[in-house]
Structure formats: C-alpha cells, structure tokens
Amino acid sequence: MIRAVKGTRDILPPDSAAWNHLESVARRVFRSYRYGEIRTPILEETQLFARGVGQETDIVTKEMYTFDDRDGTSLTLRPEATASVIRAYLEHRLDQRPGVQKLYYLGPMFRRERPQKGRYRQFYQIGAEAIGSESPAVDAEVIEMVIDLLRQAGLQGFTLLLNSVGCPVCRPRYIQELRRELDKVSEQMCLDCQRRALTNPLRVLDCKVEADQPIIDRLPSILDHLCETCRTHFALVRRYLEERDIAYELRPRLVRGLDYYMRTTFEVVHGALGAQNSVLGGGRYDGLAESLGSRIPAPGIGFSIGEDRLVMALEGAWSDPLDVFIAPLGEAAAGQAARLARPLRERGFSVETGSEARLKRALELANKLGARFALIVGDDEIASERYTLKNMQSGEQAALPLDAIIERLKT
RNA sequence: GUGGGUGUAGCUCAGCUGGUAGAGCGCUGGAUUGUGGUUCCAGUGGCCGAGGGUUCGAACCCCUCCACCCACCCCA
C-alpha cells in the first residue's frame with residue numbers, strides 16, 4: 001500500500017474541526033488588530049531562504065526540500081514564511097503604502113528532519129509580520145496579539161519567554177566575550193557544548209544537560225552587553241508589556257536558530273508537548289531585507305505559531321455536532337425530506353438525510369452520528385405537515401410544523 | 001545523521017518454556033409491524049511488518065531489511 005510520506009500526515013474529521021476552529025479564532029484576532037492575510041507561494045527560489053534564513057543555519061544546510069526546475073533554477077519548498085513575506089513586501093513596494101504593513105499567513109511549511117512528537121516534515125504555521133517600523137511599541141503589540149490569540153484559542157498554562165539578542169553592533173562583541181569565557185570552562189562541559197563553543201557559542205546557552213547549568217549560569221549574559229540603542233529598545237518593550245499586563249519571563253539564554261533575528265526575541269512554551277515544548281517563536285528582523293540584497297529597508301517583527309503543536313496542547317477535542325438527521329419513511333418521503341432539509345440548512349443547521357428502509361435503522365444511525373435531533377418524515381407527517389422531531393438525548397418527541405422545528409433546533 | 005522502543009483484526013491489545021492465532025471495542029445482521037442508546041444472539045474480519053535462517057514444526061529463537069514512535073541535533 002502507498003502510505004503518506006514520512007513526516008506528513010492526514011488530518012481527518014473530527015480532528016480537522018479543531019484545526020478549523022483554531023484557524024477561525026486566529027483570523028478573527030488578526031482582523032481585530034487589522035492584519036490582512038497574505039498568501040505567498042509554497043515554492044520559492046532557493047536563494048531566498050539561503051540568504052534570508054541564513055547560510056549557516058541547520059534549516060538551510062540540511063533541512064530544505066530543494067530541487068532543480070526544468071530550466072535549472074533551484075527551487076525550495078518553503079521551510080518558513082518570513083522570508084517570503086519580506087520578499088513580497090519588497091517586490092510589491094509595500095513600503096510605499098501608508099503605515100505599518102500588518103500581514104498574517106497560515107499554511108504548510110516543509111523541513112526534512114527526523115520526525116518526532118510535535119515535529120513533522122510538513123507542518124503548519126500561523127504567523128504574522130508587522131513591517132516598516134523599528135518602534136518597540138510595535139514589538140509590544142505583536143506580542144500582545146499573539147498572547148491574545150492563544151487565550152482566545154483556549155490555551156492554558158503557557159509561558160512567554162522574552163529576550164533581546166542585540167544587533168550587528170553589539171552581538172559580535174558579546175559573542176567574542178562569550179568565546180573568551182568558554183575557552184576557560186568549555187572542557188568541563190558536555191561534548192555537545194565543547195563542539196558548540198567552537199561552531200556556534202550562542203547555542204551553548206541552550207544546553208539542557210543538567211551538569212552544565214551552573215557553568216552556563218556564570219557565563220556572561222547578553223543583556224549586560226547590549227549597546228545603547230538595543231538597551232533602550234528592550235527597556236521600552238518590557239515597559240509596554242508590563243503596561244499591558246502581559247506576564248513574561250526574562251530569558252537571557254533564549255537563542256533563536258534563525259540568523260535574521262535581532263533585538264527582541266520571544267517564545268511561548270507549554271508542558272505536555274514532549275521535547276518540542278515550543279508553541280511559537282518570533283522576533284525582530286530589521287536587517288533581513290538588506291541581507292536579501294534590497295536597498296529598501298524593511299524593519300519588522302513577527303512570530304509564527306506551530307499549529308500542529310498548538311492543536312496538540314489544546315485540550316478537549318473540538319467537535320462539530322450534527323444538528324438534525326432526517327429519517328424519511330418510504331419513497332414518497334425522500335422528496336419531502338429534501339424539501340425540509342433546505343430551509344434548515346439555509347438557517348445554518350447541519351443536516352443529514354438518511355435512506356434507511358426501517359425507522360429503527362435510521363435512528364440507530366442518527367445515534368451513531370451523534371445527531372442532536374432526528375426528524376421523522378412518514379405518511380402521517382406528510383399528510384398533516386407536522387413532522388416528528390425527536391430529541392436524541394432526552395428521547396422526547398413531538399409532531400411540529402416547520403417553523404416550530406426551527407425554533408426547537410435553536411436550543 | 002545518531003541512539004532507544006514498538007510492529008498480531010479497522011482501533012486498543014493478549015498470546016506462558018517454539019505445536020500454523022484470541023479478547024474488548026468497532027462494523028454487519030437478528031430478537032417480525034414507525035422509535036435509537038442498555039441487553040442478548042449470530043456474523044465479518046489477520047500471508048502475526050517483509051525476506052532469509054534454525055527446527056519435524058516459528059507470531060514466538062537467530063540474521064537482514066522496512067515502517068512507525070520517542071529522544072539527540074535543531075526547531076514550529
């Protein structure tokens with residue numbers, strides 16, 4: 001048998017209802033902050049990600065689905081969306097439009113990693129970007145919005161982690177300092193850290209090995225090495241968040257894996273997600289446009305939610321119950337059942353019409369389908385134009401005209 | 001890419017020291033007339049992940065693959 005390819009999966013009903021619910025909450029929240037949807041291609045030129053995400057990142061070096069098009073152009077299935085959004089912003093000169101450009105997106109991303117809990121090769125992200133301003137007030141609103149979204153989606157027990165990773169002025173100085181300190185202590189650390197100390201010292205801060213923690217705690221903190229501009233920016237972001245009553249944990253050790261992040265970075269974590277406890281990640285990326293070769297600046301901040309993980313973290317399956325199961329008795333009744341179904345559907349009720357020969361079978365099926373009501377349409381009903389509406393939970397039933405049925409369904 | 005775990009019915013699993021498979025749930029039908037859920041009865045369903053080996057005989061032991069899951073790396 002042909003199966004779904006590794007790391008991809010089918011999302012079937014009733015599970016898909018939870019996804020739809022989450023997506024409609026997200027759209028509603030985005031709209032309330034006046035973000036508009038952007039739909040970018042899933043396929044982009046490889047260069048976009050190589051330069052945007054960062055030549056040295058894991059994503060670019062080993063996780064991209066890349067292939068040559070027939071004309072030889074190298075194409076890649078998008079591993080994330082921010083680079084595409086910035087590309088579109090520049091391509092369509094959105095910088096010429098008034099105000100901050102506020103865009104949201106949702107859809108599949110692709111990374112060729114070993115799948116595990118909360119990690120797929122095709123996974124879904126819901127994200128947003130606010131482009132065209134360096135103001136810390138924008139940072140605060142973006143974070144406020146995503147927290148709002150999580151709340152409205154019904155997520156409980158999550159933690160917002162906040163940090164600043166500096167800018168091209170202060171980060172290199174910090175990394176230099178970090179390297180100096182690591183030279184002294186790295187041999188006491190785990191093998192991974194010894195490797196990281198040489199290749200990517202910032203990653204050492206992320207190490208989860210228990211024995212390394214005291215050592216890491218004594219390493220210099222980026223927050224003590226921010227330049228003046230970054231320091232005031234971060235102070236303001238924090239103040240604005242506090243003014244909005246948004247609780248966060250300061251995590252000077254929070255490092256993001258994509259090269260383009262600068263200044264504000266944040267992440268939301270949730271227990272019960274396994275090793276992949278991050279529900280969302282985001283940050284500011286003021287230099288991204290330039291690294292794509294643009295002369296037009298596009299300073300911005302954004303986030304992206306791991307939809308697969310958020311769905312996993314949301315407890316209780318979202319169900320979409322069947323309102324009415326119509327059980328026609330006999331061939332004459334089938335036509336009448338269809339005539340009754342239409343006005344009910346027009347009013348937004350979900351309706352299924354059965355075709356069971358015996359009422360017993362029809363009710364059995366209505367029960368299995370989880371119908372709230374069954375509507376029995378037989379000869380008596382057709383003659384009197386009063387149809388038997390049965391409440392499947394209580395078992396109560398009554399013969400009612402159509403308008404009364406509609407009223408009853410609303411309960 | 002590296003480790004660990006697991007592969008038996010649609011699903012969740014049992015199968016003792018090797019004698020060619022079971023349960024629960026589900027699904028289908030029955031307990032007669034236009035009343036479901038509970039109950040009872042019957043039925044459906046499996047090249048025991050694949051290939052090879054040992055053996056009179058393998059779901060079970062050995063080898064090799066493959067798939068899925070979890071973890072590392074890294075990230076959503």
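Chain identifiers are assigned alphabetically (A, B, ...) following the order of the sequence lines, protein sequences preceding nucleic acid strands; residue numbering begins at 1 within each chain. Below, each value reflects all heavy atoms present in this structure, side chains not excepted, and no hydrogens, waters or symmetry copies.
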Asks: Name the nucleic acid region contacted by A/Glu381, choosing base, sugar-phosphate or nothing; use a 4.0 angstrom heavy-atom cut-off, strictly under.
Replies: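 Base contact.
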Asks: Is any N or O donor-acceptor pair between the side chain of A/Gln276 and the base of B/A71 shorter than 3.5 Å?
Replies: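 Side chain to base: no pair present.
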Asks: Indicate, with a heavy-atom threshold strictly under 4.0 Å, whether A/Lys6 touches base, sugar-phosphate, or nothing.
Replies: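 Sugar-phosphate, no base atom in range.
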Asks: Here's a test of your reading of the structure: between A/Leu280 and A/Leu273, which maps to the more 5' nucleotide of RNA chain B?
Replies: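 Closest to the 5' end, via its nearest nucleotide, is A/Leu273.
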Asks: With stacking defined as ring centroids separated by under 5.5 Å and planes differing by under 30°, is A/Tyr124 stacked against B/A76?
Replies: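 So no, this residue does not stack on that base, at least one cut-off failing.
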Asks: Are any protein N/O atoms closer than 3.5 Å to N/O atoms in nucleotides 28-31 of chain B? If there are, list each pair with its distance.
Replies:
| residue | atom | partner | partner atom | Å |
| --- | --- | --- | --- | --- |
| B/U28 | OP2 | A/Lys368 | NZ | 3.1 |
| B/G30 | OP1 | A/Arg358 | NH1 | 3.3 |
| B/G30 | OP2 | A/Arg361 | NH2 | 2.2 |

Asks: Applying a 4.0 Å non-hydrogen cut-off, can you work out what A/Gln397 is touching in the nucleic acid: base, sugar-phosphate, or nothing?
Replies: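 Base contact.
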Asks: Looking at A/Asp308 and A/Arg9, does any basic side-chain N land under 4.0 Å from a carboxylate oxygen?
Replies: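 A salt bridge links A/Asp308 with A/Arg9.
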Asks: Under 3.5 Å, which donor-acceptor pairs do the side chains of residues 17-24 of chain A form with other protein atoms, sequence neighbours left out?
Replies:
| residue | atom | partner | partner atom | Å |
| --- | --- | --- | --- | --- |
| A/Asn20 | ND2 | A/Ser16 | O | 3.4 |
| A/Ser24 | OG | A/Asn20 | O | 3.4 |
| A/Ser24 | OG | A/His21 | O | 3.0 |

Asks: Using a heavy-atom cut-off of under 4.0 Å over every strand shown, decide if A/Leu310 touches base, sugar-phosphate, or nothing.
Replies: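 Nothing, no nucleic acid heavy atom in range.
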Asks: If you measure from the Lys or Arg side-chain nitrogens to the Asp or Glu carboxylate oxygens, is any gap between A/Glu37 and A/Arg27 under 4.0 Å?
Replies: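 So A/Glu37 pairs with A/Arg27 through a salt bridge.
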Asks: B/C68, B/C73, B/C69: which one has an atom nearest the side-chain heavy atoms of A/Pro115?
Replies: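 The answer is B/C69.
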Asks: Roughly how far apart, to the nearest Å, are B/C48 and B/A67 at atom C1'?
Replies: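 Roughly 16 Å separates the two C1' atoms.
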Asks: Base, sugar-phosphate, or nothing for A/Gln393, non-hydrogen atoms under 4.0 angstrom?
Replies: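 Answer is base: heavy atoms of A/Gln393 come under 4.0 Å of a base.
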Asks: Kindly point out which of B/A76, B/C73, B/C68 is positioned nearest to the side chain of A/Arg111?
Replies: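 Nearest listed nucleotide: B/A76.
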Asks: Using the 3.5 Å cut-off, write out each protein N or O paired with an N or O of nucleotides 3-5 of chain B and the distance between them.
Replies:
none

Asks: Donor-acceptor pair under 3.5 Å: do we get one between A/Asn367's side chain and the base of B/G36?
Replies: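 Counting by modelled atom types and ignoring angles, a donor-acceptor contact under 3.5 Å is found here.
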Asks: How do A/Leu365 and A/Ser304 order along RNA chain B: which one's closest nucleotide is nearer the 5' end?
Replies: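 Its nearest nucleotide being more 5', the pick is A/Leu365.
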Asks: Looking for any heavy atom pair under 4.0 Å, which part of the strands does A/Gly118 touch: base, sugar-phosphate only, or nothing?
Replies: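 Base contact.
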Asks: Between B/G52 and B/G57, how far is it from one P atom to the other, in whole Å?
Replies: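 My reading of the P atoms in B/G52 and B/G57 gives 15 Å.
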Asks: In whole Å, what separates the C1' atom of B/G43 from that of B/G5?
Replies: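 Those two atoms are separated by 37 Å.
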Asks: Is atom CZ of A/Arg31 surrounded by more than 12 heavy atoms (other residues, nucleotides or ligands) closer than 6.0 Å?
Replies: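 Not buried by this count: 12 neighbours or fewer within 6.0 Å.
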Asks: By the 4.0 Å heavy-atom rule, please label A/Asp379 as base, sugar-phosphate, or nothing.
Replies: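 Counting heavy atoms under 4.0 Å across all strands, the contact made by A/Asp379 includes a base.
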Asks: Scan A/Met392 against the nucleic acid and name what it touches under 4.0 Å (heavy atoms): base, sugar-phosphate only, or nothing.
Replies: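 Result for A/Met392 = base.
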Asks: When both hydrogen-bonding distances must be under 3.5 Å and the geometry is Watson-Crick or G-U wobble, what is B/U28 paired with, if anything?
Replies: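 Base-paired to B/A42.
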Asks: Any salt bridge between A/Glu177 and A/Arg180, counting N to O under 4.0 Å?
Replies: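 Result for this pair is yes, salt bridge flagged.
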Asks: For the ring pair A/Tyr35 and A/Tyr104, is the centre-to-centre distance below 6.0 Å?
Replies: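 When the ring centroids of A/Tyr35 and A/Tyr104 are compared, they turn out to be at least 6.0 Å apart.
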